[in-house]
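Okay, so here's the structure we're looking at.
Letters A, B, ... mirror the listed sequences (proteins, then strands); counts begin at 1.
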There are 2 protein chains.
Amino acid sequence: MKVLAKELNVSIATVSKALNDSYEISEQMKSRVREAALRLNYTLNPYASSLRNKKSKTIAVILPEITDSFFSLAINGIQSIAEKKGYHVLIYLSHEKFANEIAIVSECTSGRVDGVLISIASETTNPDHLLKLQEENIPIVFFDREFEGLDIASVTTNDFESGYLAASHLIAIGCEKPIFLSISSSLGICTKRAEGFKVALQEMNFEFKYDPIFICNGNELEQYNQVQNLLTGIHRPDGIVASVEKLIKIIYTISYEIRLSIPTELKVLIFSTLDYAPILNPPLSTISQPAFEIGKTAADLLFKRIEKKDYNISDNKIVIPSVLVKRGSSS
Amino acid sequence: MKVLAKELNVSIATVSKALNDSYEISEQMKSRVREAALRLNYTLNPYASSLRNKKSKTIAVILPEITDSFFSLAINGIQSIAEKKGYHVLIYLSHEKFANEIAIVSECTSGRVDGVLISIASETTNPDHLLKLQEENIPIVFFDREFEGLDIASVTTNDFESGYLAASHLIAIGCEKPIFLSISSSLGICTKRAEGFKVALQEMNFEFKYDPIFICNGNELEQYNQVQNLLTGIHRPDGIVASVEKLIKIIYTISYEIRLSIPTELKVLIFSTLDYAPILNPPLSTISQPAFEIGKTAADLLFKRIEKKDYNISDNKIVIPSVLVKRGSSS
DNA sequence: GTGAAAGCGCTAACAG
DNA sequence: CTGTTAGCGCTTTCAC
């Protein structure tokens, strides 16, 4: 279309420079070009630019799922920064499947994106796909869920401490059979929260007559059945700390069905940013992660990596603390 | 990098064709090329391909906000189809602002995307930006929120009928001062739902002693104050139909604060797909939109437009009905 | 301050 | 079945 833009009787090069606000073009020329572009409704072809510049001006965000308030909020945070930087955001959903994640990550190669923000799937147990990306020099930043032990930047929350705090809270309000409800035995956020939970119990000289970490995985129905077995079984807990938001509905629903009173017979505490927690029946105590902030910070970090400046090694692992909000479900 | 791929001693064209699975290449050659590509960790540069093919293999999804279960679910539906088609999904958030929407839409030009799925901002009152896109021959499909009166495909729900149904339900359970709580006087989904609501009242010979449509707009705090005035004012309703999900928290919170009992003193019914509706206090009656289905159908429609086939004019305006789910808040 | 021309990585004619 | 070549729309030396 530059040919058409040459109705200004200038060269194609001049137009390109003018549109890119080059210093070697006169102000007068620039405004003439801009005016004509506007008039002819012309904008640069982004992919031709990308091809030349080897910069796509887009980032990928890879999430396990989107129907979780944590991830929605994180996207908001990411988007707010990307927009400011003039970057475009590609969204990919792994649905917690390792195979999907591998396929998605492989799409991010060959210059499609300038950087990747990822929260790994609960199934992911091997980081090769990420290492391959790194080899291509594509900056990666984990947010919330990281794969441990790699030299990749991350923005997470204080999972261990939060697990510790959660256990302490349950004990403080009188629980004798607390349990940590996890969805994965490998996912860092689960194992660290569980570990903090366990350590807190140990420090309080809690007697382990059963395993305080209960893992329920699979699809929603499967998780439902596992939790139902737990809550109707011989080792029924009197306090639960749930590791992810989607467990709320399962726990509450089963409690209603089997007429187990929260908080009288069962205290509940959950890792979640759910806006509706205060108006649930009963109001739900949460360990609220700074979701928007995590997304924002991760995006900031990614752009620093992309722009290769401010490359502060101390920035590599950022931890933003969660806060415990006590409500009716744990009183 | 094709130069490198020519360690196979074949031409660059052969490699290109092999990778694109062209019929004029022998199976043997294809597998040799694929093997080498895999080994050298090579993938096509997507933007170079886009430049040649004039196809970006990506679509844009423009949403008012993402922290709303309707939109999260819709994205899931859209993504499921896009993935199947091998398309990439760019997400943009207008935050209900018209100016943002214009800026976003203008980013979608010049071949950046092959098509656009959009749910318009509540502030949007002028369709020029969309018409400009259309002039560029970029297919557009509205989902949920459309701009009326244009020749643009849409997938929506039966807003009028749902509003009608909502009013009928409130009357049926004894409301004498029902009100429809809207967030915009121009947004189609709001006006149509409100219209259905009003018509139902008229048909039941309801006496209008006040305007049954109450509009609260602005940011969350402003909406909160407006609803508070409504619920503490002289014309306090005894039944509310709320037009969007985010009003739930406001209504419930205020009711608690001013000790207004739901459903005894106030029946509540809301347009929402909130998964947590059954476990709220009290359980919330909803008019549930088929969010996933709407997203999926809109994406399907968009791809038909993009692929220029199956171009069935009767597909232009698809309506997928919502369902009324009665729960404790309206009994 | 402006223009000519090469080339980013790929695909599609066309020739062989 | 495979190779040569032109050119997608842009940016960027390097001359002028």
Side-chain angles (χ1 to χ4, degrees), chain A residues 1-37 40-58 86 88 106-114 136-138, chain B residues 1-37 40-58 86 88 106-114 136-138:
Chain A
M1 300 296 159
K2 225 134 228 188
V3 211
L4 292 179
K6 225 183 294 168
E7 80 159 37
L8 293 169
N9 286 317
V10 296
S11 84
I12 172 176
T14 308
V15 176
S16 169
K17 287 174 189 164
L19 253 24
N20 287 306
D21 205 29
S22 158
Y23 65 94
E24 39 177 334
I25 297 291
S26 68
E27 272 312 320
Q28 188 198 343
M29 186 73 250
K30 281 184 195 169
S31 55
R32 273 185 65 207
V33 173
R34 274 194 288 259
E35 180 277 325
L40 299 179
N41 220 318
Y42 170 79
T43 39
L44 291 179
N45 177 312
Y47 299 137
S49 303
S50 295
L51 189 55
R52 276 295 322 223
N53 298 334
K54 275 131 172 357
K55 290 244 135 266
S56 63
K57 282 282 182 181
T58 107
H88 299 259
S106 80
E107 297 280 7
C108 295
T109 57
S110 304
R112 184 180 297 278
V113 299
D114 296 342
E136 281 204 45
N137 276 313
I138 299 176
Chain B
M1 301 299 157
K2 227 137 223 185
V3 212
L4 292 178
K6 225 184 292 167
E7 79 160 36
L8 292 170
N9 286 318
V10 296
S11 85
I12 174 175
T14 308
V15 175
S16 170
K17 287 174 189 164
L19 254 23
N20 286 306
D21 205 29
S22 159
Y23 65 95
E24 40 177 336
I25 296 291
S26 69
E27 272 312 320
Q28 190 198 341
M29 187 72 246
K30 281 183 194 169
S31 54
R32 273 185 65 209
V33 173
R34 274 195 287 259
E35 180 276 325
L40 299 178
N41 221 317
Y42 170 78
T43 39
L44 290 179
N45 178 311
Y47 298 137
S49 303
S50 295
L51 189 54
R52 276 296 325 221
N53 297 334
K54 274 127 173 0
K55 291 244 134 267
S56 63
K57 283 283 184 179
T58 107
H88 299 257
S106 80
E107 297 279 8
C108 296
T109 57
S110 304
R112 185 182 297 278
V113 299
D114 296 342
E136 282 204 45
N137 275 312
I138 298 176

[X] has an atom [atom1]; how far is it from atom [atom2] of [N], in whole Å?
X: B/K57; N: C/dC10; atom1: NZ; atom2: P; value: 17 Å
X: B/Y47; N: C/dC8; atom1: OH; atom2: C1'; value: 15 Å
X: A/N45; N: C/dC8; atom1: CG; atom2: C1'; value: 13 Å
X: A/N20; N: D/dG9; atom1: CG; atom2: P; value: 17 Å
X: B/N9; N: D/dC1; atom1: CG; atom2: P; value: 20 Å
X: A/L8; N: C/dT2; atom1: CG; atom2: P; value: 12 Å
X: A/Q28; N: C/dG1; atom1: CD; atom2: C1'; value: 11 Å
X: A/E24; N: D/dT11; atom1: CD; atom2: P; value: 13 Å

Are the side chain of [X] and the backbone of [Y] linked by a donor-acceptor contact shorter than 3.5 Å?
X: A/R112; Y: B/P46; value: no
X: B/K30; Y: B/S22; value: yes
X: A/S56; Y: A/S50; value: no
X: A/S16; Y: A/I12; value: no

Residue B/K17, side-chain atoms from C-beta onward, closest of C/dT2, D/dT5, C/dC14
C/dC14

Select one nucleotide: of C/dG1, D/dT11, D/dG3, the one nearest the side-chain heavy atoms of A/N53.
D/dT11

Side-chain-base donor-acceptor pair under 3.5 Å for [X] and [N]:
X: A/K54; N: C/dG9; value: no
X: A/K30; N: C/dG1; value: no
X: A/R52; N: D/dG9; value: no

Please check the phosphate of [N] (OP1 and OP2 only) for any side-chain N or O of [X] closer than 4.0 Å.
X: A/T14; N: C/dT2; value: no
X: A/S16; N: D/dT11; value: yes
X: A/S49; N: D/dC10; value: no
X: A/Y23; N: C/dT2; value: no

Nearest-nucleotide check on DNA chain D, B/E27 vs B/L51; residue mapping nearer the 5' end is B/E27

